[in-house]
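Input: a single structure, listed below in structure tokens.
Given the structure is predicted, the values throughout are model-derived calculations rather than measurements.
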Amino acid sequence: MNLKAVVFIPVFLSLSLLTAQAETVHLSIAASMTDATKELIAVFSKTHKGAKIQPNFGSSGSLAKQISQGAPADIFVSANPKWMQYLVAEKMISPGTDRIFVFNTLVFISEKLSSDLTMENLVALDRIAIGSPKSVPAGQYAEQAMEKTGIYKILTGEKKLIMAKDVRQALLYADRGEVDGAFIYKTDALLARNARIVFTVQADLYSRVSYPVGLTMAGAENNTAKTFYDYMNSPEAIAILTRYGFEPNQY
């Protein structure tokens with residue numbers, strides 16, 4: 001046998017193994033899951049030394065559009081089923097991998113207002129921050145709640161709604177006292193330094209806040225992505241998500 005061939009085969013296999021171990025996983029994750037996701041990645045990486053997890057946090061609509069336009073993504077987590085369905089229709093999600101990951105709750109926070117505030121008397125306020133309903137699910141849920149309460153047209157007509165690029169920006173506006181209050185998720189409210197929850201929005205005023213997760217077509221071919229996708233439903237991951245205020249959908 002040719003000596004060069006004998007040497008080449010194990011070297012080639014070794015390089016292939018290193019390449020597989022070092023697969024980069026691109027995550028496109030709703031901004032409201034930033035802190036929980038960072039901890040999931042940190043804990044996962046302790047037992048998967050070769051894994052390179054690269055998160056991209058933003059509004060679900062913006063992330064979905066980025067993916068549809070070719071941005072690298074192996075796993076997508078949306079704060080609204082609408083944007084997952086959008087990518088499924090675009091055939092960007094691997095069939096059968098989209099599922100509800102966690103649930104959340106909509107609340108109203110303020111750095112300056114008392115706890116006797118209700119949905120109905122929000123019209124008395126001057127500046128209310130919400131994620132832009134065009135691309136931010138938290139804003140869409142807030143819009144639903146305000147419409148059912150009959151105050152949305154009043155607030156938009158008087159230009160009292162301050163549009164944020166995502167739920168984290170709405171949180172910052174309220175936490176800094178730059179607005180009277182903001183509609184955000186309960187999980188984000190736990191991160192506020194100055195603002196506090198004034199009231200929890202009635203569950204029957206908006207659709208249940210559901211976060212679907214799915215492997216993209218590229219992710220279905222990425223072994224590390226598939227491993228992380230499975231890890232997201234592990235007992236360890238569920239414990240982390242619960243600590244951050246999410247309600248995991250165990251399956």
Side-chain angles (χ1 to χ4, degrees), residues 25-45 51-67 71-87 93 97-107 109 130-132 135-142 164-172 174-175 182-192 197 206-216 219 225 227-251:
V25 179
H26 295 278
L27 305 180
S28 287
I29 309 284
S32 52
M33 293 205 71
T34 298
D35 298 274
T37 300
K38 286 181 177 178
E39 184 164 342
L40 288 176
I41 292 171
V43 175
F44 177 83
S45 297
K52 296 180 180 179
I53 314 295
Q54 186 172 319
N56 177 25
F57 301 109
S59 70
S60 300
S62 297
L63 294 174
K65 290 174 183 177
Q66 288 173 17
I67 294 171
D74 297 298
I75 297 173
F76 175 51
V77 178
S78 172
N80 189 324
K82 167 187 173 180
W83 293 109
M84 181 63 73
Q85 292 163 5
Y86 167 77
L87 289 182
I93 299 297
T97 66
D98 58 301
R99 64 198 186 198
I100 298 301
F101 179 36
V102 293
F103 299 103
N104 211 334
T105 303
L106 192 67
V107 300
I109 67 167
I130 67 170
S132 174
S135 61
V136 184
Q140 293 163 9
Y141 294 124
K165 67 177 182 179
D166 56 39
V167 71
R168 286 301 173 88
Q169 188 175 67
L171 166 63
L172 285 175
D175 211 29
F183 283 101
I184 64 171
Y185 296 126
K186 176 184 176 182
T187 50
D188 292 297
L190 298 177
L191 305 173
I197 296 176
Y206 62 100
S207 303
R208 190 175 188 186
V209 183
S210 305
Y211 290 63
V213 59
L215 283 167
T216 64
T227 300
F228 187 77
Y229 171 82
D230 291 335
Y231 169 75
M232 292 167 78
N233 189 48
S234 68
E236 187 173 60
I238 288 170
I240 292 171
L241 293 163
T242 301
R243 183 153 44 80
Y244 278 91
F246 291 99
E247 182 186 340
N249 179 36
Q250 300 179 49
Y251 36 84

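- Going from atom OG1 of Thr105 over to atom OH of Tyr141 covers 11.0 Å, rounded to the nearest 0.5 Å.
- When all heavy atoms of Ala36 and Ile240 are compared, the pair lying nearest together is O-CG2, 4.2 Å.
- Looking at residues two or more places apart in sequence or on another chain, you find a side chain to side chain donor-acceptor pair (under 3.5 Å) between Thr187 and Asn104.
- Partners of Gln66 under the side chain to side chain donor-acceptor pair (under 3.5 Å) rule, at least two apart in sequence or in another chain, are Asn56.
- In this structure Ile197 satisfies the side chain to side chain contact (heavy atoms under 4.5 Å, CB included) test together with Val107, Ile109, Ala189, Thr200, sequence neighbours excluded.
- In this view, Glu236 satisfies the salt bridge (charged side-chain N to carboxylate O under 4.0 Å, His left out) rule with no residue, not counting sequence neighbours.
- Between Ser60 and Ala79, the closest heavy-atom pair is OG-N, 2.8 Å.
- Across all non-hydrogen atoms, the minimal contact from Ala31 to Phe57 is CA-CB, 4.4 Å.
- Qualifying side chain to side chain donor-acceptor pair (under 3.5 Å) partners for Ser234, counting only residues two or more places apart in sequence or in other chains: none.
- Checked against side chain to side chain contact (heavy atoms under 4.5 Å, CB included), Ala164 has the following partners two or more places apart in sequence or in another chain: Gln169, Ala170, Tyr173.
- Here Lys186 contributes atom NZ and Leu106 contributes atom CG; the two are 12.5 Å apart, rounded to the nearest 0.5 Å.
- Phe44 pairs by the ring-ring contact (aromatic ring centres under 6.0 Å, His included) definition with His48, Phe228, Tyr231, not counting sequence neighbours.
- Lys52 NZ to Ile41 CD1: the interatomic distance, rounded to the nearest 0.5 Å, is 14.5 Å.
- Side-chain contact between Leu27 and Val77: absent, with no pair of heavy atoms (C-beta onward) separated by less than 4.5 Å.
- Nearest heavy-atom pair across Met232 and Ala237 is O-CB, 3.6 Å.
- Considering only residues two or more places apart in sequence or on other chains, Asp35 meets the salt bridge (charged side-chain N to carboxylate O under 4.0 Å, His left out) condition with Arg168.
- Within the model, atoms CG of Leu215 and CZ of Arg99 stand 7.5 Å from one another, a figure rounded to the nearest 0.5 Å.
- The side-chain contact (heavy atoms from CB on, under 4.5 Å) test with Leu87 singles out one residue from Ile67, Leu63, Asp98, Thr216, and that residue is Ile67.
- Residues that satisfy the ring-ring contact (aromatic ring centres under 6.0 Å, His included) test with Tyr211, not counting sequence neighbours, are Tyr185, Phe246.
- Counting all heavy atoms, side chain and backbone alike, Trp83 lies closest to Ala64 at CE3-CB, 3.8 Å.
- Take Ser62 and apply the side chain to side chain donor-acceptor pair (under 3.5 Å) test, not counting sequence neighbours, and it matches Ser59.
- Shortest non-hydrogen contact noted between Ser32 and Val167 is CB-CG1, 3.6 Å.
- Contacts of Ser210 classified as side chain to side chain contact (heavy atoms under 4.5 Å, CB included), with partners at least two apart in sequence or in another chain: Pro81, Ile100, Phe103, Arg208.
- In this structure the side chain of Val102 never reaches within 4.5 angstrom of the side chain of Val213, judged on heavy atoms.
- Rounding to the nearest 0.5 Å places CG of Asp175 at 8.5 Å from CD1 of Ile184.
- The structure places NE2 of His26 at 10.0 Å from CD1 of Ile53, a figure rounded to the nearest 0.5 Å.
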